[in-house]
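To keep things clear, I will list the structure first and then write my remarks on it.
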Protein chains: 2
Amino acid sequence: MDERKTALIFKAFCDENRIRILKMLTSGEKCACKLLEEMNITQPTLSHHMKTLLDSGIVNGRKEGKWMHYSISEEGLEKAQKYLDYLKGEV
Amino acid sequence: MDERKTALIFKAFCDENRIRILKMLTSGEKCACKLLEEMNITQPTLSHHMKTLLDSGIVNGRKEGKWMHYSISEEGLEKAQKYLDYLKGEV
DNA sequence: AATACCTATTGACAAACATCTATATGTTGA
DNA sequence: TCAACATATAGATGTTTGTCAATAGGTATT
């Protein structure tokens with residue numbers, strides 16, 4: 001795993017609004033419109049953050065008709081966890 | 001744990017050079033000058049990244065004479081791990 | 001087909017950030 | 001005390017990022 005990729009994964013967690021989004025996703029898959037309702041940002045800003053979260057691999061997206069459903073990616077989280085374990089010396 | 005603090009912790013991991021620094025610290029405490037030797041950045045840039053790492057709580061600093069020794073903070077790492085566990089639903 | 005709706009993209013802008021050079025601060029040894 | 005060294009801070013600069021308004025692209029319903 002190279003440095004660039006690792007940094008990309010963790011980009012998911014280094015913005016306040018993305019943390020807020022991830023928190024909402026802990027209770028399960030949510031539609032973009034639902035996420036938007038509970039935040040004080042515009043729709044394009046949400047879309048931008050969701051792209052960042054998808055790119056990091058921490059969130060999965062599923063399109064259903066006009067709706068976009070997002071959920072936390074177990075696989076992505078595990079990659080992040082593995083990196084932290086590595087730093088801890090628990091390779 | 002509020003969103004701002006969480007984002008701050010993870011700032012540690014979202015820059016390539018900081019990932020490189022953390023990698024070097026996995027083999028144990030290192031002096032700033034030693035870290036600098038192995039990177040292609042200037043001394044002030046390293047200093048700047050070390051400040052970010054200290055602020056995030058992921059790295060500990062220890063001053064000894066003119067040297068500054070840095071090491072990975074188990075406590076900081078555990079906070080990061082707890083957050084990932086929380087996202088995974090393993091509260 | 002036309003309209004309403006949800007989401008993504010574009011373009012603009014300000015704030016944050018990574019980086020450098022120059023300089024300051026602090027420490028050790030002569 | 002002075003010189004050499006390690007690190008931090010200040011100031012400048014280019015890049016990235018977060019944000020918004022406007023608009024485009026799809027999809028469902030009528």
Side-chain angles (χ1 to χ4, degrees), chain A residues 2-25 28-73, chain B residues 2-25 28-73:
Chain A
D2 70 46
E3 289 90 359
R4 183 166 299 185
K5 275 189 193 168
T6 304
L8 183 64
I9 292 174
F10 285 96
K11 284 243 164 69
F13 310 109
C14 62
D15 174 87
E16 260 184 84
N17 279 324
R18 288 196 289 272
I19 295 291
R20 214 162 279 139
I21 292 165
L22 290 170
K23 186 173 190 176
M24 292 187 228
L25 295 181
E29 189 184 67
K30 290 222 166 17
C31 168
C33 55
K34 180 80 182 170
L35 294 171
L36 187 58
E37 267 178 17
E38 313 204 14
M39 299 188 66
N40 263 342
I41 57 177
T42 62
Q43 181 271 320
T45 299
L46 176 66
S47 190
H48 165 257
H49 284 306
M50 296 323 293
K51 182 164 168 35
T52 302
L53 288 168
L54 289 173
D55 289 348
S56 75
I58 296 297
V59 161
N60 289 320
R62 181 174 67 82
K63 192 173 179 175
E64 187 183 303
K66 28 182 186 177
W67 292 277
M68 197 62 197
H69 297 272
Y70 294 104
S71 57
I72 290 181
S73 161
Chain B
D2 70 47
E3 289 90 358
R4 181 166 297 184
K5 276 189 191 169
T6 304
L8 183 63
I9 291 174
F10 285 96
K11 282 241 166 69
F13 310 109
C14 61
D15 175 87
E16 260 185 84
N17 280 324
R18 288 197 287 274
I19 295 290
R20 217 163 274 139
I21 291 165
L22 289 170
K23 187 173 188 174
M24 292 185 226
L25 294 182
E29 189 185 65
K30 291 225 165 17
C31 169
C33 55
K34 181 79 183 170
L35 294 170
L36 186 59
E37 266 178 18
E38 313 205 14
M39 300 189 66
N40 263 342
I41 57 177
T42 62
Q43 179 270 318
T45 299
L46 176 65
S47 191
H48 166 256
H49 283 306
M50 297 323 293
K51 183 163 167 33
T52 302
L53 287 168
L54 289 174
D55 289 348
S56 75
I58 296 298
V59 161
N60 289 320
R62 181 173 67 82
K63 192 171 180 177
E64 188 183 302
K66 28 182 190 177
W67 292 278
M68 197 64 198
H69 296 273
Y70 294 103
S71 57
I72 289 182
S73 162

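Naming convention: chains lettered A, B, ... in sequence-line order (proteins, then strands); numbering from 1 in each chain.
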Fill in: Rounded distance [0.5 Å steps], CG in B:Asn60 versus CG in B:Leu54
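The CG atom of B:Asn60 sits 8.0 Å away from the CG atom of B:Leu54.
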Worksheet item: Distance from B:Lys23 atom NZ to B:Leu25 atom CG, nearest 0.5 Å?
Response: 12.5 Å
Quick one: does [X]'s side chain get under 4.5 Å of [Y]'s, heavy atoms only?
X       : Y       : value
B:Met50 : B:Ile21 : yes
A:Ile19 : A:Glu16 : no
A:Tyr70 : A:Leu53 : no
A:Phe13 : A:Ile58 : yes
B:Asn40 : B:Asn17 : no
A:His48 : A:Thr52 : yes

Item to complete: Please work out which of the three classes, parallel, tilted or perpendicular, describes the rings of B:Phe10 and A:Phe10, given edges at 30° and 60°.
Response: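 The arrangement is parallel - the two ring planes meet at less than 30°.
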Practice prompt. Would you grab the first and last nucleotide of DNA chain D (5' to 3') that comes under 4.0 Å of any non-hydrogen atom in chain B?
Written response: D:dC5 to D:dT9
Worksheet item: Of the residues in residues 40-51 of chain B, which ones touch DNA chain C at a heavy-atom distance under 4.0 Å?
Response: B:Ile41, B:Thr42, B:Pro44, B:Thr45, B:His48, B:His49
Worksheet item: Quick one, which residues of residues 4-21 of chain B touch DNA chain C with a heavy atom under 4.0 Å?
Response: B:Lys11, B:Asp15, B:Asn17, B:Arg18
Worksheet entry | B:Arg18 side-chain N/O to B:Lys11 backbone N/O, donor-acceptor pair under 3.5 Å | yes
Discussion item. Rounded to whole Å, please give me the gap between CH2 in A:Trp67 and P in C:dT7.
Written reply: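 Rounded to whole Å, this separation is 8 Å.
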